[in-house]
Amino acid sequence: MEGAAVPLMRLLISCPDRPGIIAAVSSFLFEAGANIVRSDQYSTDPRGGTFFLRMEFTLPGEAPLEFAEQFGLSVAEPFGMTWRLWDGAKPKRVVAFVSRYEHCLLELLWRWRRRELDAEIVLVASNHEDMREEVEGFGLPYFHVPVVKGEKAAAEAELLELVRGRCDLLVLARYMQILSAEFLERVGVPVINIHHSFLPAFAGADPYARAKERGVKLVGATAHYVTEELDAGPIIEQAVTRVTHRDDVDTLVRLGADIERAVFARAVQWHCEDRVLRHGNTTVVF
């Protein structure tokens, strides 16, 4: 259709830095008939560091189906690249876990319904029934998977059956359960969490009460990838707001919730737009 947007392909690369990387990638795309629309790159150190590249480009309709295989053989392998290619016409499928705090999940659902989130939310699962009516009001399936003391493994097995093969990203929208190392290993997709604190300070439970006790002047939120070590995964996004001694714990919680919504939504959006490259325990966000 005339005037319709042309879907963009997204290519993300990390590899040891050396001369000729951009030239090799660009030449390959040119030979394939691609038109580069955007390119961002970063090097930790041009002398022996790690090089990161994100490119958006269009491909002609007659582009060969073996594009990715040819790129891997002729460019990625010689340069020792870790890379991934994503078709921008296919929104990433997202599953959300939530407990009883609704603000982060509802922010995602509002953005999704307004088509402001470059993703397709496929289902919501919770260890409580509290959010069923609101989630189903968005036309989404809601699964109640209670976590009974001493039977966590059974709950995680049920959650794995819900998730596996149905999503490209799992998000924890204030899901107040610690996922086991076995679950994280078997789930097979990245997991993003929102922490109601400015990491690494006040990790764990009741951070706002502990922040008030310490007389903090800033409260914030951190969105990060989930790893086996609690609240220690690579950070994607953070934000803070200033508070004073006059603010009680309830006020800190309210101000923190405002930040949590925005930080969480940005992190999910950036991941779904393939803007985040992990590097050890940190990230490069283009």
Side-chain angles (χ1 to χ4, degrees), residues 9-15 52 54 68-69 71-72 76 81-99 104-105 108-109 112 117-127 135 140-147 151-195 222-237 264-265 267-285:
M9 303 296 293
R10 297 193 288 257
L11 176 65
L12 284 84
I13 293 168
S14 62
C15 63
F52 301 90
R54 178 185 185 270
E69 181 180 353
F71 178 83
M81 294 177 175
T82 299
W83 64 285
R84 66 181 187 266
L85 183 70
W86 189 269
D87 185 349
K90 295 170 52 181
K92 285 184 172 56
R93 301 165 299 165
V94 176
V95 166
F97 288 179
V98 67
S99 289
C104 288
L105 177 64
L108 283 189
L109 296 182
W112 171 70
L117 184 68
D118 187 19
E120 184 62 35
I121 300 177
V122 296
L123 66 88
V124 175
S126 176
N127 55 325
V135 170
L140 290 169
Y142 185 89
F143 295 90
H144 177 218
V145 183
V147 182
E151 299 180 16
K152 184 174 181 178
E156 288 195 342
E158 187 174 345
L159 289 170
L160 276 172
E161 288 304 310
L162 286 174
V163 172
R164 200 154 37 199
R166 301 182 68 177
C167 72
D168 306 296
L169 174 68
L170 171 62
V171 299
L172 308 182
R174 294 301 302 273
Y175 182 64
M176 310 306 288
Q177 294 288 325
I178 298 173
L179 297 174
S180 69
E182 182 182 1
F183 180 95
L184 295 174
E185 181 180 351
R186 295 177 60 191
V187 70
V189 297
V191 182
I192 293 178
N193 186 36
I194 181 68
H195 193 279
T222 298
H224 63 95
Y225 289 112
V226 177
T227 60
E228 294 182 22
E229 187 177 354
L230 180 63
D231 297 330
I235 292 170
I236 305 169
E237 170 65 337
F264 187 58
V268 174
Q269 177 77 332
W270 292 346
H271 177 93
C272 289
E273 293 176 345
D274 295 299
R275 297 184 178 279
V276 187
L277 292 93
R278 293 176 62 163
H279 178 51
N281 201 42
T282 186
T283 61
V284 173
V285 183

Peer 1: Passes side-chain contact (heavy atoms from CB on, under 4.5 Å), R174 versus L105? Steps please.
Peer 2: CA-CA 8 Å; R174 294 301 302 273; L105 177 64; over 6 Å; no

Peer 1: Who are the salt bridge (Lys or Arg N to Asp or Glu O under 4.0 Å) partners of E120, not counting sequence neighbours?
Peer 2: none

Peer 1: Do the ring planes of H195 and H224 sit parallel (below 30°), tilted (30 to 60°) or perpendicular (above 60°)?
Peer 2: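 Tilted: the ring planes of H195 and H224 meet at 30° to 60°.
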
Peer 1: Taking side-chain contact (heavy atoms from CB on, under 4.5 Å) as the test, write out the residues that go with E151, two or more places apart.
Peer 2: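 Checked E151 against side-chain contact (heavy atoms from CB on, under 4.5 Å); matches are V148.
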
Peer 1: Of all residues at least two apart in sequence or in a different chain, which pass the side-chain contact (heavy atoms from CB on, under 4.5 Å) check with A89?
Peer 2: P7, D87

Peer 1: Quick one: does L162's side chain get under 4.5 Å of V95's, heavy atoms only?
Peer 2: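 No; the side chains remain at least 4.5 Å from each other.
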
Peer 1: Specify the closest pair of heavy atoms between I178 and E156, including all atoms of both residues, with the distance to one decimal.
Peer 2: O-OE2, 3.9 Å

Peer 1: Which heavy-atom pair separates N127 from H144 by the least distance, and what is that distance?
Peer 2: O-NE2, 3.4 Å

Peer 1: Do you know the tightest heavy-atom contact between A173 and V98?
Peer 2: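 Closest pair (atom of A173, atom of V98, distance): O-CG2, 3.2 Å.
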
Peer 1: Would you mind reporting whether P91 and D168 have side-chain heavy atoms less than 4.5 Å apart?
Peer 2: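 D168 does not reach P91 side chain to side chain.
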
Peer 1: Are any non-hydrogen side-chain atoms of V94 and W112 less than 4.5 angstrom apart?
Peer 2: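 Counting from C-beta outward, V94 and W112 never come under 4.5 Å.
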
Peer 1: Can you name the closest pair of heavy atoms from F71 and I13 and give their distance?
Peer 2: CZ-CD1, 3.8 Å

Peer 1: My understanding is that only residues two or more places apart in sequence, or in another chain, count here; which of them pass salt bridge (Lys or Arg N to Asp or Glu O under 4.0 Å) with E161?
Peer 2: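 Scan of E161 (salt bridge (Lys or Arg N to Asp or Glu O under 4.0 Å), adjacent residues dropped) gives R164.
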
Peer 1: Taking atom CZ of R275 and atom CG of L277, what is their separation to the nearest 0.5 Å?
Peer 2: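 If I round to the nearest 0.5 Å, the distance is 11.5 Å.
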
Peer 1: According to side-chain contact (heavy atoms from CB on, under 4.5 Å), who are the partners of L172, at least two apart in sequence or on a separate chain?
Peer 2: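 L172 satisfies side-chain contact (heavy atoms from CB on, under 4.5 Å) with F97, L170, Y175, L179, V191, N193, V226 once adjacent residues are dropped.
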
Peer 1: State, with a plain yes or no, whether a side-chain heavy atom of E237 is found less than 4.5 Å away from one of V285.
Peer 2: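 They are not in side-chain contact.
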
Peer 1: Listed by chain and number, what are the side-chain contact (heavy atoms from CB on, under 4.5 Å) partners of D274, not counting sequence neighbours?
Peer 2: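 D274 satisfies side-chain contact (heavy atoms from CB on, under 4.5 Å) with R10, L12, R84, W86, K92 once adjacent residues are dropped.
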
Peer 1: Quick one: are H271 and V268 in side-chain contact, heavy atoms under 4.5 Å?
Peer 2: no

Peer 1: I need the Q177 CD to L159 CG distance, nearest 0.5 Å.
Peer 2: 9.5 Å

Peer 1: Check for a donor-acceptor pair, side chain of S14 on one end and backbone N or O of F52 on the other, with a separation under 3.5 Å.
Peer 2: no

Peer 1: I192 vs F264, test: side-chain contact (heavy atoms from CB on, under 4.5 Å). Steps then yes/no.
Peer 2: CA-CA 9 Å; I192 293 178; F264 187 58; 4.2 Å; yes

Peer 1: Would you call V189 and L169 a side-chain contact if the rule is heavy atoms closer than 4.5 Å?
Peer 2: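 Side-chain contact under 4.5 Å: no.
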
Peer 1: Which heavy atom in A68 sits nearest to a heavy atom in W83, and how many Å separate them?
Peer 2: O-CH2, 3.4 Å

Peer 1: Testing the basics here: between A267 and A223, what is the closest heavy-atom pair and its distance to 0.1 Å?
Peer 2: CB-CB, 3.4 Å

Peer 1: Checking side-chain contact (heavy atoms from CB on, under 4.5 Å) for the pair L140/L109: CA distance, chi angles, key distance, verdict?
Peer 2: CA-CA 10 Å; L140 290 169; L109 296 182; 3.5 Å; yes

